[in-house]
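Structure below; questions to follow.
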Protein chains: 2
Amino acid sequence: MRGPTIADVARRAGVSKGLVSFALNNRPGVADGTRRRILEAADELGWQPSMRARSLSTNRAFALGLIIAREPSVMSADAFFPMFIAGVESELGPAGQALVLSIVPGEDAELAAYRSLARDRRVDGVFITDLRADDPRIALATELGLPAVTLGRPDSTSPHPAVTLDDDPGIRAAVDHLVELGHRRIAHVGGPDRMLHGTRRRESFAAALQSAGLESTLSVSTDFSAAEGAAATRHLLALDEPPTAIVYANDHMAVAGLAVAQSAGVVVPRDLSITGFDGTEVGEHVYPALTTVATDVVEWGRASARVLLQLVTGEHPDDLELPPARLVVRSSTAPAPHPAT
Amino acid sequence: MRGPTIADVARRAGVSKGLVSFALNNRPGVADGTRRRILEAADELGWQPSMRARSLSTNRAFALGLIIAREPSVMSADAFFPMFIAGVESELGPAGQALVLSIVPGEDAELAAYRSLARDRRVDGVFITDLRADDPRIALATELGLPAVTLGRPDSTSPHPAVTLDDDPGIRAAVDHLVELGHRRIAHVGGPDRMLHGTRRRESFAAALQSAGLESTLSVSTDFSAAEGAAATRHLLALDEPPTAIVYANDHMAVAGLAVAQSAGVVVPRDLSITGFDGTEVGEHVYPALTTVATDVVEWGRASARVLLQLVTGEHPDDLELPPARLVVRSSTAPAPHPAT
DNA sequence: CTGAAAGCGCTTACAG
DNA sequence: CTGAAAGCGCTTACAG
């Protein structure tokens, strides 16, 4: 079951094991002819250096870690991680690195998972996603000696490089778009305030309204789930003066909101305009097709992987800023039903 | 950076390294007092055995592999993998095993990924998901010496244990439900024929129609994407005698079909009944809420992980059959518009 | 019940 | 430019 080892290659090439190692890792100090002979011998034997042995002697795992804290039941609705991971993989594979993935049910289990990954030295570095207010993982990664990259900039000072993608221009564009269509009562259905991207989208929304000279009193927090998005929509539509437009912080809530409106006889976009966030496939295939704010999540994965890879190989990469979120206008937005006052 | 080693523990406990190893893996042959002394010493030093060293000497990776072949762009719409992985993780974590995940763009890259995982001995076993007709991975896993478990039963003989979840009762229940509502022209929008679960759902559909004494002439194949689900629906609705009900092979296509119907002025479920498959959250939050066929994907992940874990520890687990798919009736199905002839 | 030693398959100073 | 040897941190026969 065990294949040929470096000793077999050395014997066949008539050199020492050390030299085979040098040739393999093409270090200087091996005569060209010798190197060729060694590589040939390796080839003939079908030898592949044992990753385990390399791990033990070089003290590296050749793997990166991603830990996701989510209830299993909500994972099916996640628009972010599958694409992010696909992007990460497209960089890791060619680099000979593996991705160790961990999905844990909550935040306590999440911290334990980081510790366990570090204890077993399963990975050389980690991605920190879903940044929260005062995120304990920033310090934990440092404490554990785990190189890390954060997705977005933490709200506290962080020693880890950040790969950022600014939601703000997208949210502002959505609000501006609605304002131009004559909307004056615009509501926001946002994520939890503990999540930085929840807070920031909310702040962008408020700032955009303010720029337009409007008040932002209609803003509700959810857990990003379709169920709470639906509940928030029901609440908003039952108001004495319901909004004529709703800016949702993700597509799933927007789709759920659309269903709530429809079931209440509110016609989108005639009576109510809505916008989503994420640019998911499902948003493209509801009726009316969802106007949304899109980001390039696959590229975010790729870029994050590249930065983390640099970090674990001893480089000191700078923060990296990706193209910001952008508005994608489809059919769920239209002129406000009542002319502005 | 390197922590205490087994030698430090041995010294502190006043025994040999070998004995520490025996105590750790609680093998017989260590006096109780000695064992206690050793464990105490380990505890005081905060020693954790090095997984890398264990890997090298025991020839195990303490990790399992999952390879997914998908275009990155369609990952966001995947209802299966995030939940499946969450289930897998819930078993692996406690067992001290890690999950190595690989997402590759196509089938060639997929086979290469299995080879690469095997070559680097990164994992002790693999999950084979998304079974296809005459699936080459069945033989490949054997060739590579990779213990494997298949999700579902392959169409060829397989040496690997299968963890199955029968779609058939769910599809039949959906068709029966529609027939009872008076539908006679029922169409199927299914997956690709190369995918076993595409074929099997189609066959279940045809068999159920036949049992009801109906013909099954309306059946179209897609790639499971919302876009093709929408196109198939457009095609069906444009027929001279359009169906009064459509059974979709997944929720995303059903949601897209719903949008197509709506945009054509076809009211669901008054003019057209539709059913989905997967029991996704989004299907619950469209209007009307989608009648669907649900499976317990998280449990499928758990069960598959348990079986694979048994396999890699040298046991010979039997095939495992999970509770079958079941119909969840919501609001997208109603009596047929025209009484049966 | 316990110890001393070899082995897993690499890498890396250290000599020459 | 090349070789012999030690070391990474465990596990596992083999002796006693």
Side-chain angles (χ1 to χ4, degrees), chain A residues 1-39 41-42 45-63 96 118-122 124 145 313-314, chain B residues 1-39 41-42 45-63 96 118-122 124 145 313-314:
Chain A
M1 205 78 260
R2 293 201 184 236
T5 76
I6 197 171
D8 300 319
V9 177
R11 201 173 311 121
R12 181 172 195 111
V15 299
S16 70
K17 296 190 312 180
L19 209 53
V20 175
S21 177
F22 272 54
L24 169 73
N25 298 306
N26 43 38
R27 296 233 220 152
V30 186
D32 264 15
T34 315
R35 178 187 307 275
R36 202 161 24 235
R37 205 152 33 99
I38 292 173
L39 265 21
L45 292 173
W47 173 69
Q48 291 292 143
S50 154
M51 174 139 297
R52 287 169 191 164
R54 298 186 74 188
S55 271
L56 183 58
S57 51
T58 62
N59 201 19
R60 281 184 299 161
F62 304 104
R119 172 167 45 68
D120 292 347
R121 296 193 155 270
R122 279 225 122 105
D124 298 318
T313 53
Chain B
M1 206 78 258
R2 294 202 184 235
T5 75
I6 198 172
D8 300 319
V9 177
R11 202 173 312 120
R12 183 173 192 113
V15 299
S16 70
K17 295 190 312 179
L19 210 53
V20 175
S21 176
F22 272 55
L24 170 72
N25 298 307
N26 41 40
R27 297 234 220 148
V30 187
D32 265 14
T34 315
R35 178 187 305 275
R36 202 162 22 237
R37 204 151 35 96
I38 292 172
L39 264 23
L45 292 173
W47 174 70
Q48 291 291 143
S50 154
M51 173 140 298
R52 287 169 192 166
R54 298 186 75 189
S55 271
L56 184 58
S57 50
T58 61
N59 201 17
R60 281 185 299 160
F62 304 105
R119 172 167 44 68
D120 291 348
R121 298 192 155 266
R122 279 225 122 105
D124 298 319
T313 53

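Note that this is a predicted model, so its numbers are computed, not measured. Order of the sequence lines fixes the chain letters, A, B, ..., with proteins taken first and strands second; residue numbering starts at 1 for each chain.
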Just the rounded figure in Å: distance from C1' of D/dA6 to CG of A/L56.
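Taking CG of A/L56 and C1' of D/dA6, I get 13 Å after rounding.
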How close or far is atom P of D/dG9 from atom CG of A/N59, stated in whole angstroms?
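Value for this atom pair: 8 Å.
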Without swapping roles, check the side chain of A/R37 against the backbone of A/A13 for a donor-acceptor pair under 3.5 Å.
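Checked: pair present.
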Does D/dT11 have OP1 or OP2 sitting under 4.0 Å from an N or O in the side chain of B/R54?
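So the side-chain polar atoms of B/R54 do come within 4.0 Å of the phosphate oxygens OP1 or OP2 of D/dT11, strictly under.
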Provide, to the nearest angstrom, the distance between the CD1 atom belonging to A/I6 and the P atom belonging to D/dA6.
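After rounding, the gap between these two atoms is 18 Å.
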Taking OP1 and OP2 of D/dT2, is either one under 4.0 Å from a side-chain nitrogen or oxygen of A/T34?
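Checking D/dT2 against A/T34, a side-chain N or O does come within under 4.0 Å of OP1 or OP2.
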Rounding to a whole Å, what distance do you find between B/D8:CG and D/dG7:P?
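These atoms are roughly 15 Å apart.
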Whole angstroms only, please: what is the CZ-C1' distance between B/F62 and D/dC10?
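The distance from CZ of B/F62 to C1' of D/dC10 comes to 10 Å, rounded to the nearest Å.
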For the side chain of B/T34 and the backbone of B/V30, is there at least one donor-acceptor N/O pair under 3.5 Å apart?
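Not at all, since once roles are kept as given, no pair shorter than 3.5 Å links the two residues.
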Expected rows: protein N/O vs nucleotides 12-15 of chain D N/O, under 3.5 Å:
unit_1 : atom_1 : unit_2 : atom_2 : d
D/dT12 : OP2    : B/R27  : NH2    : 2.2

Can a donor-acceptor pair be found, under 3.5 Å and without considering hydrogens, that links the side chain of B/R52 to the backbone of A/R121?
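Checked: pair present.
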In whole Å, I'd like the distance from the CZ atom of A/R11 to the P atom of D/dA4.
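These atoms are roughly 13 Å apart.
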Taking CZ from B/R121 and C1' from C/dC10, how many angstroms apart are they, rounded to a whole number?
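Atom-to-atom, B/R121 to C/dC10, this comes out as 15 Å.
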Whole-Å distance separating the CE atom of B/M51 from the C1' atom of D/dG9:
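Rounding to the nearest Å, CE of B/M51 and C1' of D/dG9 are 13 Å apart.
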Across the strands shown, which category fits B/V20 at heavy-atom distances under 4.0 angstrom: base, sugar-phosphate, nothing?
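Touches nothing.
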Counting Watson-Crick and G-U wobble pairs whose two distances are both under 3.5 Å, find the runs of 3 or more in a row that involve DNA chain D.
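Stems for DNA chain D, defined as runs of 3 or more consecutive pairs: C:1-3 with D:14-16, C:5-12 with D:5-12, C:14-16 with D:1-3.
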